[in-house]
Amino acid sequence: MSRSAVWHPFTQHATEPVPPTIVRTDGAYVETRDGRRILDAISSWWVITHGHRHPKIVEAIRDATATLDQVIFAGLSHEPAERLASALVDMTPPGLDWVFYSDSGSTSVEVALKMALGFHRNNGFPRAGIVVMEDSYHGDTFGTMSVGARGLFNAAYEPLLFEVDTIPFPAAGRELNTLDAFERLTRHRKAAALIVEPLVLGAGGMRMYPASVLAELKRIAERSETLFIADEVMTGWGRTGTMFACEQAGIVPDILCTSKGLTGGSLPLAATLATDAIFRAHYSTDRTKTFFHSSSYTANPIACAAALANVGIWNDEPVAERVAALSRMQAQKIARFKEDARFENVRTTGTIAAVDLSVGNAGYLAKVGPKLRAFFLERALLVRPLGNVIYVLPPYCVTSDELDRLYATIDEAAAFVSDKR
Ligand SMILES: *Cc1c(COP(=O)(O)O)cnc(C)c1O
């Protein structure tokens, strides 16, 4: 066979092995061509919620294709998008009344940033500053890289990234530093918006902080009329224990971004929800105030139908109970590493569990990362450590026995890493 023409994401083709070909997905598993069933412990990069190929979502996709494919969404509308928008308004914190569709998490964040700048400009008091949290991740486009942490992954593009103001991560015991920094930055009322990943910083290493900090950040934002953007692309749809993470802080963001779990992980779709005040700032007989944004596949009807089926599953099945049970299991099972010197920072938020491998040298870890991935893959587990952070972010259908096998293998992996040292 000739070599593959595929250039894979976040993949160093010079050193990484040829990836296995997946021919089937099912529940918590992905199956390779040679028949191996691999437990998807990272929900295929955080998108799968209920499990792969939930029958109701598969059926909804099939049904939708009987009558619709892509339809231009400027000047035309369709029922799946209309129904989904009203469902999203109902399910998200009250006050988020408008739904703008796009096709990926990154785009939903780009839309949020544009809405924030448009809001201030159209209201006659332009502001352009964006405040971000240290170690955040919001996507891989230029705008989202600009508001995300700088480092290895975007060093080559740094010359074209725009400047932002960064507040420190609210590490335990240092929460006040974060709040004070934000207070100082908003004092001159130049910041258009604060963008945060509520409760859990995903790609930044599954760093977790309490809801009280989120609530306090919102209060400071309100006082200075700085818009509060909640990037719930990873945290939404039950991942942190509640439907959306903001609920745990009892806050309503001005703008909320959702994607990954929106279709249960089956098809690409995203939505940026906004308050009426933000919509009204763009609502005018003056056409220069129009919100100028679109992607070709905005509100794809088939993806909207999949998302509606996902909403139906949340309404008709005991998903909240499943999420609660999984959250308890995760907390119990990862606790085995608490008194273990090979691990640090054992932590969970809802269904997400993470632990740091106690290895001093990060450079060394960069090398061991691919070896760790291979170690897990050989044992039919899909796990992708972030540096020295091993995390478990499974679909909600994962069983207690499957998690036991996974945690036992993480234990072995720690021994494997110490041996290699
Ligand atoms: C994954 C992620 C994004 C980007 O989503 P894509 O669909 O990959 O573009 C943005 N924000 C957060 C918090 C994410 O985890």
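Because the structure is a prediction, the values reported are computed rather than measured. Atoms within each ligand, like the ligands themselves, are counted from 1 in listed order.
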To the closest 0.5 Å, what do you measure between CD1 (I352) and CE (M206)?
5.5 Å
Are any of the N/O atoms on G105, whether in the backbone or the side chain, positioned under 3.5 angstrom from an N/O atom of ligand 1?
yes
When you look at F291 and F119, which way does the side chain to side chain contact (heavy atoms under 4.5 Å, CB included) test go after all the steps?
CA-CA 10 Å; F291 186 55; F119 170 83; over 6 Å; no
Tell me whether D231 has any N or O atom under 3.5 angstrom from an N or O of ligand 1.
yes
Identity and separation of the nearest protein heavy atom to atom 10 (C) of ligand 1:
H138 O, 3.2 Å
Pairs of donor and acceptor atoms involving the side chains of residues 295-308, under 3.5 Å and at least two apart or interchain, shall be tabulated with distances.
{"from": "T298", "atom 1": "OG1", "to": "S295", "atom 2": "N", "distance (Å)": "3.0"}
{"from": "T298", "atom 1": "OG1", "to": "S295", "atom 2": "O", "distance (Å)": "2.6"}
{"from": "N300", "atom 1": "OD1", "to": "I302", "atom 2": "N", "distance (Å)": "3.1"}
{"from": "N300", "atom 1": "OD1", "to": "A303", "atom 2": "N", "distance (Å)": "3.0"}
{"from": "N300", "atom 1": "ND2", "to": "Q70", "atom 2": "OE1", "distance (Å)": "2.8"}

Looking at every non-hydrogen atom in both residues, tell me the closest pair between E110 and G143 and how far apart they are.
OE2-N, 3.1 Å
Parallel, tilted or perpendicular: which describes the rings of Y396 and H50, with under 30° parallel and over 60° perpendicular?
perpendicular
Over 60° means perpendicular and under 30° means parallel, so tell me whether F337 and Y407 are parallel, tilted or perpendicular.
tilted
Considering only heavy atoms of E197, which atoms of ligand 1 have at least one such atom less than 4.0 Å away?
13 (C)
Mark the output for K260 as yes if a heavy-atom distance to ligand 1 is under 4.0 Å, and as no if none is.
yes
Out of all atoms in ligand 1, which are within 4.0 Å of some heavy atom of S104? Include the element for each.
7 (O), 9 (O)
Give the intermediate values and the outcome of ring pair (Phe, Tyr, Trp, His ring centres under 6.0 Å) for residues F10 and F153.
CA-CA 9 Å; F10 271 81; F153 299 139; 5.1 Å; yes
Atom 8 (O) of ligand 1 - nearest protein heavy atom and its distance:
S106 OG, 4.5 Å
Hey, is W45 touching ligand 1 through its side chain, its backbone, both or neither, going by heavy atoms under 4.0 Å?
neither
Sub-4.0 Å atoms of ligand 1 with respect to non-hydrogen atoms of W46:
15 (O)
For M234, the ligand 1 atoms whose distance to one of its heavy atoms is below 4.0 Å:
15 (O)
